[in-house]
Amino acid sequence: MQVGEYQGAYKITKGLLKKYGPERVLDTPITEAGFAGIGVGAAYHGLKPVVEFMTMNFSMQAIDHIINSAAKSYYMSAGQIQVPIVFRGPNGAAAGVGAQHSQCFAAWYSAIPGLKVLVPYSSEDARGLLKAAIRDPDPVVFLENELLYGESFPVSAEALDSNFVIPIGKAKIERQGNDVTITAFSKMVGFALKAAETLAEEGISAEVINLRSIRPLDRATINDSVRKTSRLVTVEEGFPQHGVGAEICASVVEESFDYLDAPVERIAGTDVPTPYAANIERMAFPQVEDIVRAAKRTCGKSS
């Protein structure tokens, strides 16, 4: 939808129509169930569709195709039907758009066997992970972030190479530390890095892990870090109940409980539909100061 002449609602597909032509870059009516279903059918027949939702909130209109038609087909066909499709679009809190347009679906989609769920933070993440998603034989939900579209990131020469691909299921340690592990994904990685800078000024060395992949989840990197720091803070924009942080906490308790020196801290969005008013909206989602306070609590320092 709007990926051709309009060049994407956020101009992410800018220039693609001119480069690849109308047979590969297809505009559709605003019918999520329709164009997602067409994409799944095309994947059944050997193509590799990339389906863009204006926002992942609208993917709810197509969730039957994503879950029942795409995620389950390989298993239910005993391996006879592969569905190499990517469903992509902005996810998480936007700004001033209300509850129907502003929520995180990472935990929703990562609960479904058969789907892979990727969450880029930086420009390099977006480039390397999207290429990996398109090349993958399984359906991938690719969760971008509307508010990150306007941010700039340094890009290495390695990332500009045509062969640059980030392996699915591998987290990245964005900042090394020894006192507390902070896990985050998407926009919250930036918040976690800012929190780590503040903590460093107070003598606390925080290790920040950019998850990059929610399913599969890089449990090994997380647990190795916790075994080094003995403390964990998870950060996400999504709702706390059944969230990504809850899964990470469970993994650490199961695999590294004896290494913990303090209770695990979970920072998540407030358990309410997203408010519309800007001042209340800010209170509903994690802020840098929330992460700082949680990390200090795990280290036994008052805020």
- Message: Quick check: is Ile291 connected to Phe285 through a chain of hydrophobic side chains (ILVMFWY, heavy atoms under 4.5 Å apart)?
- Response: no
Counting heavy atoms not belonging to [X], are there more than 12 under 6.0 Å from its [atom1]?
| X | atom1 | answer |
| --- | --- | --- |
| Phe164 | CZ | yes |
| Lys48 | NZ | yes |
| Tyr75 | OH | no |
| Lys11 | NZ | yes |

- Query: Is it the case that Gln2 and Asp27 place a side-chain donor and acceptor less than 3.5 Å from each other?
  - Reply: no
Looking at [X] and [Y], does any basic side-chain N land under 4.0 Å from a carboxylate oxygen?
| X | Y | result |
| --- | --- | --- |
| Arg231 | Asp179 | no |
| Glu289 | Lys296 | no |
| Arg88 | Glu144 | yes |
| Lys228 | Glu207 | yes |
| Asp290 | Arg293 | yes |

Could you check whether any side-chain N or O of [X] sits under 3.5 Å from a backbone N or O of [Y], counting only pairs where one atom can act as donor and the other as acceptor?
| X | Y | value |
| --- | --- | --- |
| Ser77 | Tyr74 | yes |
| Asp125 | Tyr121 | yes |
| Thr13 | Leu16 | no |
| Asn223 | Ala220 | no |
| His65 | Ala33 | yes |

- Message: For Phe87 and Phe53, take the angle between the two ring planes, folded into 0 to 90°, and tell me which bin it lands in: parallel under 30, tilted 30 to 60, perpendicular over 60.
- Response: parallel
- Side-chain heavy atoms of Tyr149 within contact of Leu147, under 4.5 Å: no
- Query: Which atom names give the shortest non-hydrogen contact between Ile182 and Ala192, and what distance separates them?
  - Reply: CG2-CB, 3.8 Å
- Message: Under 6.0 Å between ring centres: does that hold for Phe142 and Tyr109?
- Response: no
